[in-house]
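Quick one: structure below, then a few questions.
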Amino acid sequence: MAEAGTGFLEQLKSCIVWSWTYLWTLWFFVMLFLVYILRVPLKINDNLTTVSMFLNTLTPKFYVALTGTSSLISGLILIFEWWYFRKYGTSFIEQVSVSHLRPLLGGVDNSAPSTANAAGGEADSSRQSVSECKVWRNPLNLFRGAEYNRYTWVTGREPLTYYDMNLSAQDHQTFFTCDTDHLRPADAIMQKAWRERNPQARISAAHEALELNECATAYILLAEEEATTIVEAEKLFKQALKAGEGCYRRSQQLQHHGAQYEAQHRRDTNVLVYIKRRLAMCARKLGRTREAVKMMRDLMKEFPLLSMFNIHENLLEALLELQAYADVQAVLAKYDDISLPKSATICYTAALLKARAVSDKFSPEAASRRGLSTAEMNAVEAIHRAVEFNPHVPKYLLEMKSLILPPEHILKRGDSEAIAYAFFHLQHWKRVEGALNLLHCTWEGTFRMIPYPLEKGHLFYPYPICTETADRELLPSFHEVSVYPKKELPFFILFTAGLCSFTAMLALLTHQFPELMGVFAKAFLSTLFAPLNFVMEKVESILPSSLWHQLTRI
């Protein structure tokens, strides 16, 4: 019985929703017609006459009290709305309308996140030791000579900022130099070359070092900056690999003989890992994706402790190109862990896999009628998680904002990371049917649920407040930096502010000029009701006067 009653109520509710959605115009005219027919029993004319007499007897003091009270009430509502918005990041009136009125009208809030990940979110948000604006090396950074310089030749614009290139120079000095370089002439030249600001001076120094010896770092510099194609860069990296493997084997035998040998071995390890990783990226860019995947897996297996290079992000992108989604899930299961730093690649790839399971059949209209299934809820939660981590990404994936070449360094959760992710992963989202449609339907709702103020963390550690400044230094001047998350004032706060100001002005004018404002109020009301009176006169002239008596006889 209970189930039958529930089913009947659901059917009745759906009928009411359908009638309200599609027949509201008919409802309006029917109600207007009924009011006209029942005007005599309801004594509408007498009531209107009484109301007009009452308005004529009102004194200016009434208008002063009315406007003053309205101004006071709207001011109190404004203060409460502003306080609620500052504390919770949303309008109380809008929240009530979405949470309570919209379900009555049949709407479903697709953006409502589940609390299933609350425990993990609390554990993750407790990690306050993460540096707010730490800049990371872009795992998928392009080649300066073959890609960045080509862009400059075509457009005349510099895709890299001085700050970004200066960070790269510091990385090169950290990874490719050590205290014993002065003992080897070629390495001593390269130590100076990495500090050169002029690209041509660096290239000339690399050639000079190669004249003295087979120097792996010299080949690296030439592959990165002098090679104009990926094929040329790959050839130079293969030569660098031969030289780098020889240095690595020699330093490996001597690494325990002292601190200097230990530092030299660490440098040679960094050089070897860098070369193999760039060779894998060359293979990926040249279409040999399976070969690139094998090289990345071997590299991660051979050097499992060098997680600072984030090679798993290169591997995820290559596996997505192969559409090996099971392998992608296996990699995510290993690296999408609470104790590890998150990235847009991990969060949005996890969202893509969840969306892939439901996106081909997802329909916002159908979801609003029947509600979200378990798989759809999981996909929406994954998108919410990704958007909270980096809210800049969706506009690039949905092509609402134009892409540029990614910088060599990124700020996690910033616009620079969003550009780097979307630049390489947009094609993977397009390949999954309906994934972008699902993202389009849900991302704005999840964005509105990002904790506010921004210093509050929910699923992740608090959003850094200095991201805009760091991104402006990393990204070129011709790019408009996204400044999300930035919440606009809700409509009801603006409406209440305007209403408060308007009623306060009316109260002041009524107090200063009571007679004039009384005349104005009467004229305004008569003008307001003039169209209605005109329509009623026309209706009375068209319909027969005995219509009501005929209807009562029937």
Side-chain angles (χ1 to χ4, degrees), residues 89 111 113 130-141 159-161 163-164 310 313 316-317 341-352 355 380 382-430 435-436 438-488:
S111 65
V130 180
S131 177
E132 279 197 345
C133 285
K134 180 180 179 180
V135 176
W136 300 73
R137 182 81 176 176
N138 183 6
L140 296 168
N141 65 306
L160 299 177
T161 63
Y163 175 72
D164 191 16
N310 291 327
E313 297 196 9
L316 285 172
E317 196 278 328
K342 296 294 186 297
S343 68
T345 300
I346 289 176
C347 294
Y348 278 91
T349 302
L352 176 61
V380 171
I383 291 175
H384 171 79
R385 177 176 181 264
V387 171
E388 182 175 333
F389 182 83
N390 193 321
H392 310 266
V393 174
K395 282 198 172 183
Y396 293 107
L397 291 179
L398 298 172
E399 299 183 81
M400 301 168 64
K401 191 173 182 181
S402 59
L403 276 172
I404 61 172
L405 294 185
E408 292 183 339
H409 289 79
I410 59 174
L411 180 66
K412 287 193 175 183
R413 310 186 75 184
D415 192 28
S416 52
E417 185 192 33
I419 292 171
Y421 172 80
F423 187 87
F424 294 99
H425 289 262
L426 176 59
Q427 57 182 334
H428 306 315
W429 279 81
K430 288 184 175 180
L436 289 176
L438 179 60
L439 179 66
H440 175 72
C441 295
T442 56
W443 87 271
E444 290 184 339
T446 57
F447 173 72
R448 285 193 295 269
M449 301 192 72
I450 292 177
Y452 191 89
L454 305 181
E455 291 75 14
K456 289 185 177 181
H458 182 50
L459 297 177
F460 299 99
Y461 53 89
Y463 196 94
I465 60 176
C466 57
T467 52
E468 181 181 355
T469 303
D471 276 332
R472 290 190 186 281
E473 294 182 333
L474 288 172
L475 298 172
S477 58
F478 57 81
H479 173 73
E480 182 182 354
V481 177
S482 295
V483 292
Y484 293 112
K486 180 178 70 174
K487 298 201 175 194
E488 299 179 355

Would you compute the distance between atom CD1 of I404 and atom CZ of F478 and round it to the nearest 0.5 angstrom?
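Reported value, rounded in 0.5 Å steps: 5.5 Å.
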Over all heavy atoms of both residues, which pair between G414 and N390 is shortest? Give the atoms and the distance, please.
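Smallest interatomic distance, heavy atoms only, reads O-ND2, 3.1 Å.
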Do the side-chain N and O atoms of K401 and S482 include a donor-acceptor pair separated by under 3.5 angstrom?
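Note: K401 and S482 side chains meet the donor-acceptor criterion.
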List for me each residue that meets side-chain contact (heavy atoms from CB on, under 4.5 Å) alongside F424, sequence neighbours excluded, and say none if there are none.
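Once residues adjacent in sequence are excluded, the partners of F424 under the side-chain contact (heavy atoms from CB on, under 4.5 Å) criterion are L140, L142, K285, E317, P406.
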D415 and H479: side chain donor to acceptor below 3.5 Å
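Indeed, the side chains of D415 and H479 share at least one donor-acceptor pair under 3.5 Å.
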Roughly how far apart are L397 CG and H428 NE2, rounded to 0.5 Å?
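The NE2 atom of H428 is 11.0 Å from CG of L397, to the nearest 0.5 Å.
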Expected output: side-chain R413 to main-chain E388 donor-acceptor under 3.5 Å
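Confirmed, R413 side chain pairs with E388 backbone.
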When rounded to the nearest 0.5 angstrom, what distance separates CG in L352 from CG in L438?
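Reported value, rounded in 0.5 Å steps: 10.0 Å.
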Quick one, F423 and N138 - any side-chain contact, counting heavy atoms below 4.5 Å?
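F423 vs N138: side chains apart.
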Is any side-chain heavy atom of Y348 closer than 4.5 Å to a side-chain heavy atom of P394?
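Yes, close enough: below the 4.5 Å cut-off.
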Which heavy atom of L398 sits nearest a heavy atom of L436, and at what distance?
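Nearest heavy atoms, L398 then L436: CD2-O, 3.5 Å.
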How about Y421 and Y396: do any of their side-chain heavy atoms sit closer than 4.5 Å?
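A side-chain contact under 4.5 Å is absent here.
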For the residue pair L475 and P407, establish whether any side-chain heavy-atom pair is separated by less than 4.5 Å.
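Answer yes - side chains close enough.
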Report yes if the side chains of S343 and K412 come closer than 4.5 Å at any heavy-atom pair, otherwise no.
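Of all side-chain heavy-atom pairs linking K412 with S343, at least one is under 4.5 Å.
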Whether the side chain of E313 engages the backbone of T345 through a donor-acceptor N/O pair (distance < 3.5 Å, no angle test) should be reported.
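Side chain of E313 to backbone of T345, a donor-acceptor pair under 3.5 Å: no, none is there.
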Counterpart residues, salt bridge (Lys or Arg N to Asp or Glu O under 4.0 Å), relative to E480 (two or more places apart)
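Result, salt bridge (Lys or Arg N to Asp or Glu O under 4.0 Å) vs E480: none returned.
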Taking atom CD1 of I383 and atom OG1 of T442, what is their separation to the nearest 0.5 Å?
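Answer rounded to 0.5 Å: 3.5 Å.
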Please enumerate all residues that pass salt bridge (Lys or Arg N to Asp or Glu O under 4.0 Å) together with E473, with sequence neighbours excluded.
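With neighbours one apart ignored, the set is empty.
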Is any side-chain heavy atom of I410 closer than 4.5 Å to a side-chain heavy atom of L474?
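No, their side chains stay 4.5 Å or more apart.
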Could you report the tightest heavy-atom contact between E408 and N141, atom names first, then the distance?
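Of all heavy-atom pairs spanning E408 and N141, the closest is CA-CB, 4.1 Å.
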Any chance you could measure E417, atom CD, to D471, atom CG, to the nearest 0.5 Å?
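The distance works out to 9.5 Å.
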Can L426 and E399 be said to form a side-chain contact (heavy atoms from CB on, under 4.5 Å), step by step?
CA-CA 9 Å; L426 176 59; E399 299 183 81; 4.2 Å; yes
